[in-house]
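Only one structure is covered here, and it is reproduced in the block below.
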Amino acid sequence: MEDKGEGRGYIVSYQGLEELFCRLKEGWRVVAPKLKEGVILYSEVESLRELPFGHRNREMPGFYCLERAEGYFTYTHPVNSLKAFLHPSELVLMRVRTSDGCLEFEVCNSEGNFCFFDVRACDLFALEVLDRVFVHKNPHPDSYYRKLREGAFVVAVNCAYATSTCFCTTMGTGPEVKEGYDLLITELREGFLLEAGSERGRALLESLGNKKEAGEEHFLQKRERLREAEAIMERHFEIGGLPDRLYGRMDSQYWKHIEKRCLACTSCTQSCPTCFCFDILERNDLKLKESERIRVWDSCFSPAFATVHRYNIRQSVHSRYRQWLMHKFAYWMDQFDLFGCVGCGRCITWCPVGIDIRQEIKKVLGSE
Ligand code: SF4
Ligand code: SF4
């Protein structure tokens, strides 16, 4: 593993962060959290001032609001995830045009050059999950995803706060950012601790003007902040042996309870940073001169998702919910050697009827 120079870092002021941001803007399309339409969303941003500093997201099952708070990185992850940029909800793969009686084919390449700024531990882990799904554990690596992901510069931020729907401590993905970043920011009382996680991150960090070497007290403060975030979160279930324990409940009667509550609206799969299922569609213009082949998000909650030879093998809503939960916490481990859930809690917040996956797991495990 690359030497990240642990225990080494620099303290910068807000002006130092601005200098870093301007340097990133010179070479990258910077994507960061931003206040938009009353929520925090990952968006392309032009300046550091666009970040939602001093805002705090409060979340509960089926509930989201923003309030004011003291400090800068006072919120957790945005409503959407980096999936929106690396595996967009609609991606044109190919165009076909008619011209002088001939067909012209254009293969569309994905363009990125992204810097993901202010990425929290759960979302960084979600990138590792998507990397395995699309590239590392995929017998046919996805060139679209790979092109967008390769070279993306990642600036991570350690969380000092958690909402009631966060459960990264249960899933072992946070709140501490451990790897997969180029630069890591931790907000401290007297400024921001910057640490490098890659050679290019270190080179950028060394080139910054106004900084001072971080001392032991700064790393102690970092631990203290992480402990504060950890203390907010409860451990909901034990992940050791979870796939086998769930496999043992495949025929449990409990699954049927979900039929009365779940609307099969797909909101959970759309908001999830790791749900990757897609469909490929053809879109023709009305003059029949041009056709596009597009890739769009799909969902295991859609009635057509499990339709094979015109027969839907998952007609009941509870069978679709079981498929979703079992994929996240059991089958995914068989396929990709990790869980498909990073404990971000988005599916809990954005479920219109407040179904809490943590509670469902506990109930399924406790059922006959
Ligand atoms: S669990 Fe909630 S968000 Fe997911 S499909 Fe059912 S009602 Fe929609
Ligand atoms: S299943 Fe829910 S909590 Fe887990 S990663 Fe997806 S949205 Fe986040």
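We count ligands from 1, going down the list as the structure has it; atoms in each ligand are counted the same way.
- Close approach of ligand 1 to F301 is summarised as follows: ligand atoms under 4.0 Å from at least one heavy atom of the residue are 5 (S).
- Using a 4.5 Å heavy-atom threshold, the side chains of L204 and L24 count as touching.
- Near F167, the atoms of ligand 2 lying under 4.0 angstrom from a non-hydrogen atom of the residue are 3 (S).
- At least one test fails for K363 against the ring of W255: distance under 6.0 Å to the centre or angle within 45° of the axis.
- Near A264, the atoms of ligand 1 lying under 4.0 angstrom from a non-hydrogen atom of the residue are 5 (S), 6 (Fe).
- The ligand atoms of ligand 2 that sit less than 4.0 angstrom from a heavy atom of G345 are 3 (S), 8 (Fe).
- Here is the list of ligand 1 atoms found below 4.0 Å of a heavy atom in Y321: 1 (S).
- At the top of the distance list for atom 5 (S) of ligand 2, counting protein heavy atoms only, stands V342 N, 3.3 Å.
- A cation-pi contact links R56 to Y161, judged by a cut-off of 6.0 Å to the six-membered ring centre and 45° from its axis.
- Between the side chains of Y75 and D118, at least one donor N or O sits under 3.5 Å from an acceptor N or O.
- Centroid-to-centroid, the aromatic rings of W297 and F278 stay 6.0 Å apart or farther.
- Here the two rings, on Y254 and H257, have centers that are under 6.0 Å apart.
- The side-chain tip of R320 does not point at the ring of F301 from less than 6.0 angstrom away and within 45° of straight on.
- With a 4.0 Å heavy-atom cut-off, ligand 1 is reached by no atom of W324.
- Shown in contact with C344 at under 4.0 Å from a heavy atom are these atoms of ligand 2, numbered in order with element: 3 (S), 5 (S), 7 (S), 8 (Fe).
- Taking the six-membered ring for Trp, W324 and Y331 have ring centres at least 6.0 Å apart.
- Between F276 and H87, the distance from one ring center to the other does not fall under 6.0 angstrom.
- Around atom 2 (Fe) of ligand 1, the protein N, O or S atoms closer than 2.8 Å are C351 SG, listed by chain and residue number.
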